[in-house]
Structure formats: structure tokens, C-alpha cells
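Read the numbers this way: they start at 1 and go in the same order the structure lists the ligands and their atoms. We use all heavy atoms of the structure for the numbers below, so side chains are in, but hydrogens, waters and symmetry mates are not. Position 1 is the first residue of the sequence; numbering continues from there.
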Amino acid sequence: MVVGEVARPVQTLVIGGGPGGYTAAARAAELGQEVVLVEAGALGGVCLNVGCIPSKALITAARDVERMTAASQWGISAQPVVDFAVTQAWKQGIVDDLTGGVRRLLSGVEIATGFARFLDPQRVAVESDEGVAHFRFDSAILAPGSRPVTLPDLPIDGQRVLDSTGALALTAVPASLAVVGGGYIGVELGIAYAKLGARVTIVEALDRLLPGFDPDLVREVERSAERLGIAVRTRTQAVKVDDDGLVVQSEQATGHVPAERVLVAVGRRPNTDDLQLEQAGLTPTATGHLEVDEQRRTAVPHLYAIGDITPGPALAHKAMAEGRVAAEVIAGRPAAFDQVVPLIAFADPELASVGLTEAEAREEGYEVVVGRASFRANGRAATLNERRGLVKLVADADTQTILGLHLAGPDASDLIGEATLAVETAARLDDLAATVHPHPTLSEPLADAATAALTRLERPAR
Ligand code: FAD
Ligand code: NAD
């Protein structure tokens, strides 16, 4: 990096090295652009370092503990002993390994370490321990990601009150964990720590967990939470922590829940406030997002925005897809971000959802037909001892086009790939029903749900 007042010219500058930024930078370089990627922290961003990957590693460890205990049902006796320091080291090894992969992916990209701020619509200053470097660019892709929302009465102290980063870095499983927020992070980590031995309470302001998912799916998670001994307190607010635990308040009462540690996971906010965006001529919305068109262009046409700072779900695969689009548009290719985005909660069982839910489809005015299939009747689920869950398919009764597929069950996170292809390609019920699904596999209920919907349509009254 050249440090000094003279701005170094570059074709495409990418701000942020998370899934959005690194995907965009790699694709732009692949398409012949000269690319500089500016990263203030660790390459891989939130997802790789303190998000998707470490959380899924802990979820795997927790699932193993549960399965080892359950295995006595099929004649295998094991008493799991968790050495959490080793679990954490294993988790970090995965992160380090994948970070190496990102570095290799970026072999055609110059990486500038430091924090970027706009000086004007064409220039940024990048501040690091080495000084300040200036870059002048033709196009820039903004991918600075997001950070946890904080609650004024529950400040994160990194000791007792933690955000997700702190909860992922614990050196011992706490005796009790109070989780504020029953969304993705609260449910995923709450369930994981319960399986690892913590007494978990989830405090959620709304009337159910995982409000973004179909209630029929969420019911499966609520049953698991009960089985795991997790106390779920809906329509409840966290007030403060004191010596007796976390003080919570509902319409009915105020009380304490046990809280050796508290995890606050009440959403995330885009990192758009410290980039001097006003110098670039950009104004974020009240939620901190930047509005973009289908090409991910902002109001200033040579500035693109992707990932958690654009509206829509804050997910790594959305950021990556947007990153590819922005890079291709800059390289002069026709590209647009108009795909459906699948949602997954790595809960127990896993929830995965793509396209319209039944309620959304009805709201949009479709005459809806729903097909259901259960994992209870599935041979592979039985042999895995994972018989909970369902597939719920939503289709347009007139055209038989599949509008949405919603799964709760074993490996739903992998099964949603096929479901996403079905919705993305506007597959019809008979396309999915007639596709031969191998037996015995967890994929069979997808076809069964399509068959169930067709059967309903064949009946005179729906
Ligand atoms: P980020 O990953 O946030 O990366 C932005 C990068 O930009 C950071 O590295 C930051 O240091 C850098 N940066 C910021 N400002 C500047 C600046 N001015 N100059 C230079 N660099 C800057 N999503 C999923 O799809 N699946 C999951 O399973 C999943 N699990 C998650 C679990 C947890 C605990 C959390 C917190 C999140 C999870 N997410 C998951 C969400 C996912 O991590 C984000 O949606 C994703 O990381 C967003 O990617 P991004 O590229 O927009 O930004
Ligand atoms: P979230 O938006 O998923 O859930 C936050 C929850 O907190 C909501 O249910 C909300 O009603 C509740 N809440 C808000 N204020 C509250 C309060 N004062 N008291 C009690 N409850 C309150 O947010 P998150 O769990 O922090 O996760 C952030 C984002 O990270 C997610 O929205 C998602 O985009 C991403 N993420 C994705 C995955 C995945 O894809 N598997 C996993 C983790 C995180």
C-alpha cells in the first residue's frame, strides 16, 4: 500500500472483505478488473470469523453430545465429556483454514488493510497503523456489513453480558444462559448451549420464536426447546441484570431468569455511519441501509452496495450473490439480483424456507393449494432417528406453479437447495412430483409434498 496524499488510481475498489466483498472482488478480478479490497479487520468478515462458520461448528459439537447420549437407544453407550477448550480450538482451526481459502480466492486482488472513509464520490482514505493511504477509483463496491444492535439497559461488557461474538468465544459452558431475542442467533446458540449443558432461557418480545418463519415450522422448534428444557418466555422484555439474574417483564409480571451469562441477540444494524458517506453523496435510510437497484447501484451510479447494508435478509449467500452481480455489472455484463433467497435457521430441527409462505401467498391474492409431507413416514429419517418435521409446499392452484417450500426437519439446510431451484425456475407441481427422488433419502418428502398438493387439486372441493 502506498501511504501518502497522492491518490493511487484503481479500477474497482471494494470496501469490506466479508462474503459480499470477497466474492465481488474475486469476480471483478476474474473479469479483468484491477481490484483493491480494503478490509479493516479480518478477511472473511462476520460470517467466517464470528458468524456463520463458528456458530455452525458449535452447533455440530452440541448435536454430537446429544446424539451420543441418545445412541443408547440403538445399543451404543457413550457418556460424552465436553472439553470446551478443545471444542473452541477445533472451531478456530476451521475458521483459520477457511480464511486461507479466501486468501487464495483473492490471489488476483490487492488487499489494503485499514478503515476506508470517503473523501469525495471518487476517492477514499484508508487509515491503518501505518498511516493513511488514498485511492481514486472508477467504481466502488460498498460491503462494510453490520454489527449487533445493543440495548441501552443491557450494555455488552464482554463478561456477563455478551453479544454473539462473545457467546461464540466462551471458554466454558455457563451453568445458565439467558438469551435476549428469539431470532436466528438466539435460537441457534440457545439450543446449542442447552445441548452442551447450560440451563437456557430465551426471552422474546414477540409472541413466538423465529418470527420470520412459517408458524407450522416454528412449532417443531418450540417442541424441541421444551424437550431440551429450554424455557421460552415470549411477549417478554429484558429489563436489566442484577445479582439474582436477568430481570424480565411481561404484561403479567416482572421476575428473574437464571443468568450466569446473558446473550443479547436482538438484530443487527448496517455499518453505514462511519464511512463519511455524505462525502460520496449517499444518504442511508432510517434503518442505516443503502437503497439500490437490481444491479446493486446506489443513488450515485458508480457506487454499488451489497450485503448487510442493502435491504432484505442479512445473510451471507445474499451478500455473495449481490457481490457477483455488482462485479459483473461493473465489468459491463448484463446481471441483476432478482433471485429468491432461501432462509435457514440451524435450529433443532433445522428450518429452511424459500419463496412465499402460505400467509404471504394468500395476501398476494393467489388461490393457494398446500401440500404437506412428514419426516415421520420417511425411511431415511427413521434410520437416522430424526423423525421430527415436515415439508410444507405452497403452490398457485390455477397454474400449479410452486410458490414456496418450507421445511422443518433433518438436513433441511441442505434439502433447501433443491427447493430453491424449484421456486427459482418456477417449477410446477408435476415437475417436482414426477422427479425420481432416491430411496431411502431425506429428499423424498419434497416430492411427496408436491404429490399431496396435486391430490388435493384432483378432489372436487379444495
Ligand atoms: P460482513 O461479513 O459483516 O463483512 C464486512 C467487513 O467489512 C468486515 O470484515 C469489516 O471489518 C469490514 N469493514 C467494515 N467497514 C469497513 C471500512 N470502513 N473499511 C474497511 N473495512 C470495513 N448468514 C448466513 O447466511 N448463514 C448463517 O448461518 C449465518 N450465521 C450467522 C451467525 C452469527 C452469529 C452472525 C452474527 C451472523 C450470521 N449470519 C449468517 C449473517 C452473515 O454473517 C452476514 O449476513 C454476512 O457476514 C454479511 O456479509 P457482508 O459481506 O455484508 O458483511
Ligand atoms: P433477528 O432479527 O433474527 O432476531 C432478533 C429477535 O429479537 C427478534 O425475534 C425480535 O423480535 C427480538 N427482539 C428485539 N428486541 C427485543 C427485546 N428488547 N427483547 C426481547 N426480544 C427482542 O436477529 P439476530 O438473531 O440478532 O440475528 C441477526 C441477523 O443475523 C439475522 O437477522 C440474520 O439475518 C443473521 N443470521 C442468520 C443466521 C442463519 O442464516 N442461519 C444465523 C444467525 C444470524
| query | With a 4.0 Å heavy-atom cut-off (strictly under), which part of Leu48 contacts ligand 1: side chain, backbone, both or neither? | reply | neither

| ligand 1 versus Ile185, non-hydrogen atoms closer than 4.0 Å: side chain, backbone, both, neither? | side chain

| query | Side chain, backbone, both or neither: which part of Pro148 has a heavy atom under 4.0 Å from ligand 1? | reply | neither

| task | Run the numbers for me: atoms of ligand 2, each under 4.0 Å from some heavy atom of Phe346, listed by number. | result | 41 (N)

| request: May I ask whether Lys318 has any heavy atom positioned less than 4.0 angstrom from an atom of ligand 1? | output: no

| task | Among all protein heavy atoms, pick the one closest to atom 6 (C) of ligand 1 and tell me residue, atom and distance. | result | Glu39 OE1, 3.5 Å

| For atom 31 (C) of ligand 2, what's the nearest protein heavy atom and its distance? | Tyr184 CD1, 3.7 Å

| message | Among all protein heavy atoms in this structure, tell me which lies nearest to atom 39 (N) of ligand 1, with the distance rounded to 0.1 Å. | response | Cys52 SG, 3.8 Å

| remark: A student checking ligand 1 against Leu275 at a 4.0 Å heavy-atom cut-off should list atoms 18 (N)

| said: Tell me the protein heavy atom at minimum distance from atom 28 (O) of ligand 1, and give that distance in Å. | reply: Lys56 NZ, 2.7 Å

| said: Would you say that more than 12 heavy atoms from the other residues, nucleotides or ligands in this model lie under 6.0 Å from the CD of Glu251, or not? | reply: no

| remark: In ligand 2, the atoms that come under 4.0 Å of a heavy atom of Glu188 are 39 (C), 41 (N), 42 (C)

| Top protein contact for atom 7 (O) of ligand 2, by heavy-atom distance | Gly181 CA, 3.3 Å

| task | Just need the protein heavy atom nearest to atom 44 (C) of ligand 2, so name the residue and atom and give the distance. | result | Ile185 CG1, 3.4 Å

| task | Looking only at protein heavy atoms, identify the closest one to atom 35 (C) of ligand 2 and say how far it is in Å. | result | Ala314 O, 3.4 Å

| task | Please could you name the atoms of ligand 2 that Val180 approaches to less than 4.0 Å, counting only its heavy atoms? | result | 19 (N), 20 (C)

| Which of the atoms in ligand 1, numbered in the order shown and given with their element, are less than 4.0 Å from a heavy-atom of Gly307? | 52 (O)

| note | Quick look: Pro54 vs ligand 1, heavy-atom contacts under 4.0 Å, and the answer is neither

| remark: Per-atom filter on ligand 1: closer than 4.0 angstrom to a heavy atom of Ser146 are 3 (O)

| request: Flag yes if more than 12 heavy atoms outside Arg103 fall under 6.0 Å of its CZ atom; otherwise flag no. | output: no

| request: Specify the protein heavy atom at minimum distance from atom 48 (C) of ligand 1: its residue, its atom name, and the distance to 0.1 Å. | output: Asp308 OD1, 3.2 Å

| task | Pick whichever of Tyr184, Phe118, Phe115 has a heavy atom sitting closest to atom 16 (C) of ligand 1. | result | Phe115

| For Leu206, the ligand 2 atoms whose distance to one of its heavy atoms is below 4.0 Å | 11 (O)

| field | Considering all heavy atoms, the nearest Leu209-Glu222 contact | value | N-OE2, 4.1 Å

| Near Ser164, which atoms of ligand 1 are under 4.0 Å from a heavy atom of that residue? | 34 (C), 36 (C)

| task | May I ask you to decide whether Asp216 forms a salt bridge with Arg372, counting only side-chain N to carboxylate O separations under 4.0 Å? | result | yes

| task | List every atom of ligand 1 that sits less than 4.0 Å from any heavy atom of Val50, numbering the atoms from 1 in the order shown and giving each element. | result | 34 (C)

| query | Which of these passes salt bridge (charged side-chain N to carboxylate O under 4.0 Å, His left out) with Asp348: Arg63, Arg223, Arg67, Arg227? | reply | Arg227

| request: Please check if atom CZ in Arg199 has more than 12 non-hydrogen atoms from other residues, nucleotides or ligands closer than 6.0 Å. | output: no

| task | Indicate the ring-plane relationship of Phe137 and Phe118, choosing parallel, tilted or perpendicular according to the 30° and 60° boundaries. | result | perpendicular

| task | Assess whether salt bridge (charged side-chain N to carboxylate O under 4.0 Å, His left out) is satisfied between Glu127 and Arg117, documenting all intermediate values. | result | CA-CA 8 Å; Glu127 198 178 336; Arg117 288 186 182 84; 3.3 Å; yes

| message | With the threshold set at under 4.0 angstrom, would you say Gly114 reaches ligand 1 through any of its heavy atoms? | response | yes

| said: Looking only at side-chain N and O atoms, does Glu350 offer a donor or acceptor that is under 3.5 Å from a partner on Ser413? | reply: yes

| field | Nearest-0.5 Å distance that lies between atom CZ in Arg380 and atom CD in Glu386 | value | 10.0 Å

| field | Nearest-neighbour protein heavy atom for atom 8 (C) of ligand 2, which is reported as residue plus atom name and distance | value | Glu204 OE1, 3.5 Å

| message | I'd like to check which ligand 2 atoms, numbered from 1 as shown, lie under 4.0 Å from a non-hydrogen atom of Val203. | response | 20 (C), 21 (N)

| query | At a non-hydrogen distance cut-off of under 4.0 Å, which region of Ile15 contacts ligand 1 (side chain, backbone, both, or neither)? | reply | side chain

| request: Can you sort out which atoms of ligand 2 are near Leu315, meaning under 4.0 Å from one of its heavy atoms? | output: 34 (O), 37 (C), 40 (O)

| contact_flag Gly323 ligand 1 heavy-atom lt 4.0 Å | no

| Part of Pro211 with heavy atoms under 4.0 Å of ligand 2, whether side chain, backbone, both or neither | side chain

| request: Identify, by atom number and element, the atoms of ligand 2 in contact range of Ile344, meaning under 4.0 Å from any of its heavy atoms. | output: 39 (C), 40 (O), 41 (N)

| query | Looking at CD1 of Ile330 and CG of Leu31, how far apart are the two atoms once the value is rounded to the nearest 0.5 Å? | reply | 10.0 Å

| Protein residue, atom and distance nearest to atom 30 (O) of ligand 2, heavy-atom basis | Arg268 CD, 3.8 Å

| field | N-O pairing of Asp153 and Lys240 below 4.0 Å | value | no

| Taking atom 19 (N) of ligand 1 as the reference point, the nearest protein heavy atom with its distance | Ala116 N, 2.9 Å

| Nearest neighbour of atom 43 (O) of ligand 1 from the list Pro313, Cys47, Ala112, on a heavy-atom basis | Cys47

| field | Protein contact of atom 33 (C) of ligand 1 - nearest heavy atom, named by residue and atom, plus distance | value | Gly51 CA, 3.3 Å

| request: Please work out whether any backbone atom (N, CA, C, O) or any side-chain heavy atom from C-beta onward of Arg268 is under 4.0 Å from ligand 1, and answer side chain, backbone, both or neither. | output: side chain

| task | Using a strict cut-off of 4.0 Å, indicate which atoms of ligand 1 neighbour a heavy atom of Gly41. | result | 11 (O)

| Would you find more than 12 non-hydrogen atoms of other residues, nucleotides or ligands less than 6.0 Å from Arg233 atom CZ? | no

| Protein heavy-atom partner closest to atom 21 (N) of ligand 1 - residue, atom, separation in Å | Ala40 N, 3.1 Å

| Numbered atoms of ligand 1 (with element) below 4.0 Å of Phe346, judged on heavy atoms | 28 (O)

| task | Write out the residue and atom name of the closest protein heavy atom to atom 4 (O) of ligand 2, then the distance separating them to 0.1 Å. | result | Gly183 CA, 3.2 Å

| At a non-hydrogen distance cut-off of under 4.0 Å, which region of Val266 contacts ligand 2 (side chain, backbone, both, or neither)? | both

| What do you reckon, is CD of Glu226 surrounded by more than 12 foreign heavy atoms closer than 6.0 Å? | no

| query | For ligand 1, which atoms, with element, lie under 4.0 Å from some heavy atom of Gly18? | reply | 2 (O), 4 (O), 6 (C), 51 (O)

| said: Against ligand 2, does Gly267 come closer than 4.0 Å with any heavy atom? | reply: yes

| task | If you have a sec, work out which protein heavy atom is nearest atom 17 (C) of ligand 2 and how many Å separate them, to one decimal? | result | Gln237 OE1, 3.7 Å

| query | How far is atom 14 (C) of ligand 1 from its nearest protein heavy atom, and which residue and atom is that? | reply | Pro144 O, 3.2 Å

